[in-house]
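Have a look at the structure below before the remarks.
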2 protein chains.
Amino acid sequence: MLTHAAEDYLKSIYKLQEKGGKVSTGILAEHLEVKPASATGMIKKLKTMKLVRYERYRGVTLTAAGKAIALEIIRHHRLLELYLFKALGIPWDGVHEEAEKLEHVISEDVEARMDEFLGYPTADPHGAPIPDKNGVVTQTASIPMTDLQNGQSCVVAEVSDNDSALLRHLGSFNLYPGTAFRVIEVAPFEGPFTIDIAGQQVVIGREVAKHVFVDQVQDPDNV
Amino acid sequence: MLTHAAEDYLKSIYKLQEKGGKVSTGILAEHLEVKPASATGMIKKLKTMKLVRYERYRGVTLTAAGKAIALEIIRHHRLLELYLFKALGIPWDGVHEEAEKLEHVISEDVEARMDEFLGYPTADPHGAPIPDKNGVVTQTASIPMTDLQNGQSCVVAEVSDNDSALLRHLGSFNLYPGTAFRVIEVAPFEGPFTIDIAGQQVVIGREVAKHVFVDQVQDPDNV
DNA sequence: TATATAATTTAGGCATGCCTAAATTAGTTT
DNA sequence: AAACTAATTTAGGCATGCCTAAATTATATA
């Protein structure tokens, strides 16, 4: 069995690989809130376990085995988030932190039963996809809210899950995954977004909008 | 915050204190499946934290602070067992092991919500009392099944929770806490017990009976 | 009371995983 | 191409918590 730390490293490498591409020691260390020297050490250990590929000064890549473990942990995490949210009513800005601790510790049996209870869901409370038992991720093609134009309508697909204050802020506007809204106006010069959610007019700052991803974009139909 | 290991030590010390009285390094080590030398080391650490009293070669005792932490962990453990059993349907012979890992990791918030979901229960699936938020334990006065005489009726109050095979065995007879049964015959010379559970006649070995504790004992009323 | 036995403690070692500080390598600039 | 800067790695240290082996203390027995 792997240590929790090793699992965290694999998870971070996976996520960084998804976003950026090349995963350097420094980026990885920053993501894990650890010093680069510590990351180097763990990377070497993971290499001996054949969970990553690694050449010094060249960055890390997950092997198939490493990716499988990363996806398993991510599945634990996201199922837990949704379970805590739906079954226990933990607010969505708290489930991430909670799941972070539990993900390393739940058995496959508990996971399977949560999965069943939830009806085999495909997304967590923040809209992130839940990998299935075989590690297959069904990605939805979403775009950042900051790409929207005046008048366009859309549905929230996903929001960043790791900033509790941001989530509370979004929650106060009902900006949950699945919520539809329409852009009333994008202020010029990188300004804020004024949007219409269920009749309510709301202003969303640009920095906040960067963390919101949307789906089902439609141009204004009053043309 | 305490480490998981320290919490486990406090929990074990509490349990041994309840049963036997004096808690020696050796007994503690055995209970934790650790070598005595390791126990000595941790005991010293707990002493510097003022969680235990300790004089070398004299055994350990919990301070008020140490007891409070032990009870908190035990509360986590037992609430988790009951939650896993009732909310997720994990079989009662599996919940102990699962809770053992989770107890160190759940937040007070999650605990409070499980408590609410369960309706503020006072006993876990094995009949062990769940301490309340303030660490108050409501002990029920039960006696070992091996003290029963021919013809006596009673209700199962509690069973040992740490032997999975034993629990499956008891479960196959429906010998859960709350189940009533009547002793048909106690075989002489430390022999097995023949009992009547809901009309079914069942033979329970002495070694098994030692792990079953009963309540509400009544003498035969056909006198 | 002296001694044998059993329990406990001390000493020293190992693995994990973090850190800081110094050395090395890569990449960029002149 | 040399030199500078930034990233990375190596070296050495620390805390946790386990272990074995040896020394010590307590206790029971003769």
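Just so we're on the same page: letters track the sequence lines, and every chain starts at 1.
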>> Check whether Ser12(B) reaches the backbone of Tyr9(B) with its side chain - one donor and one acceptor, N or O, closer than 3.5 Å.
In response: no
> Taking the side chain from Thr63(B) and the backbone from Leu51(B), do they hold a donor-acceptor pair closer than 3.5 Å?
Replying inline: yes
>> For a ring pair (Phe, Tyr, Trp, His ring centres under 6.0 Å) check, start with the C-alpha distance between His104(B) and His76(B), then their side-chain angles and the critical distance, and finish with the verdict.
In response: CA-CA 8 Å; His104(B) 303 293; His76(B) 286 189; 8.8 Å; no
>> Out of the candidates Asp93(A), Leu170(A), Val156(A), Leu167(A), only one should pair with His126(A) under the side chain to side chain contact (heavy atoms under 4.5 Å, CB included) rule; please name it.
In response: Leu167(A)
> Is the shortest distance from a Lys or Arg side-chain nitrogen in Glu72(B) or Lys11(B) to a carboxylate oxygen in the other one below 4.0 Å?
Replying inline: no
> Between Arg75(B) and Asp115(B), does at least one N-O distance fall below 4.0 Å, as a salt bridge requires?
Replying inline: yes
> Going by number, which of residues 24-32 of chain B have a non-hydrogen atom under 4.0 Å from DNA chain C?
Replying inline: Ser24(B), Thr25(B), Gly26(B)
> What string of B, S and - do you get for nucleotides 12-28 of chain D 5' to 3' if you count protein non-hydrogen atoms under 4.0 Å?
Replying inline: ----SSSBB---BSSS-
>> Under the rule for side-chain hydrogen bond (donor to acceptor under 3.5 Å, both in side chains), what residues qualify as partners of Asp215(B), not counting sequence neighbours?
In response: none
